[in-house]
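To start, the structure under review is shown below, and the notes come after it.
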Amino acid sequence: MKLNVAVIFGGRSVEHEISVISANQCINALDKNKYNVIPVYISKQGKWYTGNDLLKLENYRDSEKLLAESQKIIINQNSSATNFYKEPNGIFTSRKPVNIDIAFPVTHGTYGEDGALQGLFETMNIPYVGCDVLASAITMDKITTKMLLQTLGIKVLDYFWFYSDKWVSVRDSVVSDIKAKFNYPLVVKPGNLGSSIGVAAVNNDVELEDAVDLVIRLSQRVLIEPKVTNLKEINCAVLGDRDFAEVSLCEEPFRSDDILSYCDKYSGGMKNKSGIGLGKNANSGMSGAKRKIPAEISSKMSAEIQAIAKQAFINLNCNGVVRVDFLIDQNTNEIYLCELNTIPGSLAFYLWEPLGRDFAALTERLIELALKRHREVNNLVVSYADNILKGWR
Ligand SMILES: Nc1ncnc2c1ncn2[C@@H]1O[C@H](COP(=O)(O)OP(=O)(O)O)[C@@H](O)[C@H]1O
Ligand SMILES: [Mg+2]
């Protein structure tokens, strides 16, 4: 019997469009002989939809029309199986249940990759692909990730962080604290976003203040790091769970500027007038970016990076496919773990292809891992059958 797989994408995140592209690739890759694929689109307003029109990227040009032609859905757990109810044009009485066996979130950023959506599936006891609530929440927050990696003995760049309200109330003292710790150039980042949104290199106080002013509109926590000036970036993906984790080849993404930008990542380095956005390779998402696979680094460094990636993946109890990004200071050859992406752009399928695992096989493995975890978690005792309130008076 075919499994009903709900691929969930979009969402209330600044990386909404990237998710639409990643999910489209994932849906195309899933083996239709094994799975009934149900597209589930979460609009920017947080409403849930399904329908075949959601399968074509060109339909997203006119999102109002797309949503009008799609069917709203709600999730209902009060039935024998997990149901997604289609809601045909608001006629409540004729709701048509669609049983789903597994959720496959291909959502990037806030509410989709940070544990929030994972928590919904957890609460409803729906098996889901990828990292669980804890691993998702930790890795989405760059500051917490650094704190934990340090306790594991994994090198991260030195850092300084503060809450945005502190910036608003005592900006001058924050600036002097930063300058007491670091010299320029520095890098300013939101504590919990992705796709380079809000990330800026700064060379003086004016640039620092401008960059932080922008970041506090995006995130409640601000992260400051020294800038690695002679930088090489290397990424490596890990697939599996804590019992069995495989590492991919290392890749070197190419930058058109100081900071690997949104454009570098998703449009092959092409910039449109707004500076960000949709160049000619936009439809290929992260897989359209320029990169070298395998990266041109020594086999010793590559093995070291793979080992660190795996160590971080296992210790943070990751599951599924996670892309672990590193910053190499070429002056010292020091390797710093930069971040873990628990739902990487294009699910990092291109890092597995050279190893003989195509995108379809990757999705199959991810579903296997999700079902395995679901079985394991369901073996844990979460409540007692006995009602201790029975004798209450
Ligand atoms: N400390 C740093 N020094 C130099 N460049 C950096 C530094 N931190 C980040 N970058 C650049 O900014 C990009 C985005 O930063 P990153 O921390 O990966 O955030 P995101 O989650 O948005 O991808 C990196 O890929 C790299 O090009
Ligand atoms: Mg990054």
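Numbers here simply count residues along the sequence, with the first being 1. Ligands are counted one by one from 1 in listed order, and the atoms in each one are counted from 1 as well.
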Notebook entry, point to check: Do Asp132 and Asn319 have side-chain atoms, one donor and one acceptor, less than 3.5 Å apart?
Noted result: no
Next item on the list: Between Cys338 and ligand 1, find which residue part has any heavy-atom pair under 4.0 Å and reply side chain, backbone, both or neither.
Entry: side chain
Checklist line | Atoms of ligand 1, numbered as shown, that sit under 4.0 Å from any heavy atom of Val228 | finding: 2 (C), 3 (N), 4 (C)
Note to self: Need the ligand 1 atom indices (1-based, order shown) with element for anything under 4.0 Å from a heavy-atom of Lys189.
What the structure shows: 8 (N), 9 (C), 16 (P), 17 (O)
Item checked: Minimum non-hydrogen distance to atom 15 (O) of ligand 1, winning option of Val156, Leu157, Val199 -> Val199
Next item on the list: Answer yes or no: is there an ion pair linking Arg373 with Asp241, defined by an N-O contact shorter than 4.0 Å?
Entry: no
Margin query: Checking the N or O distance criterion of under 3.5 Å, is ligand 1 in contact with Glu233?
Written below: yes
Check: How are the rings of Tyr41 and Tyr49 set relative to one another: parallel (under 30°), tilted (30 to 60°) or perpendicular (over 60°)?
Finding: tilted
Next item on the list: Taking only heavy atoms of Leu231 into account, list the atoms of ligand 1 that are under 4.0 Å away from them.
Entry: 4 (C), 5 (N)
Check: Hey, what do you get for CD1 (Ile343) to CE (Met140), rounding to the nearest 0.5 Å?
Finding: 7.5 Å
Check: With a 4.0 Å heavy-atom cut-off (strictly under), which part of Leu327 contacts ligand 1: side chain, backbone, both or neither?
Finding: side chain
Next item on the list: May I ask you to check if any N/O/S atom from Asp325 comes under 2.8 Å of the Mg ion (ligand 2)?
Entry: no
Checklist line | Between Asn230 and Asn331: side-chain donor-acceptor atoms closer than 3.5 Å | finding: yes
Next item on the list: Please state which part of Lys227 comes within less than 4.0 Å of ligand 1, counting heavy atoms only: side chain, backbone, both or neither.
Entry: both
Margin query: Checking Asn192 against Ser219: is there a side-chain donor and acceptor pair closer than 3.5 Å?
Written below: yes
Check: Does atom CD of Glu122 have more than 12 heavy-atom neighbours, drawn from other residues, nucleotides or ligands, at distances under 6.0 Å?
Finding: yes
Next item on the list: Measure centre to centre between the rings of Tyr336 and Phe326, then say whether the value is under 6.0 Å.
Entry: no
Check: Where on Asp325 is there a heavy atom closer than 4.0 Å to ligand 1, on the side chain, on the backbone, on both, or on neither?
Finding: neither
Checklist line | Atom of Glu339 nearest the Mg ion (ligand 2) (restricted to N/O/S, atom name only) | finding: OE2
Item checked: Option set Pro226, Ala200, Ser196, criterion heavy-atom distance to atom 14 (C) of ligand 1, minimum -> Ser196
Margin query: Please verify the inter-ring angle class for Phe160 with Phe162; under 30° counts as parallel, over 60° as perpendicular, anything in between as tilted.
Written below: tilted
Next item on the list: Give the contacting part of Thr229 toward ligand 1: side chain, backbone, both or neither, where contact means a heavy-atom distance below 4.0 Å.
Entry: neither
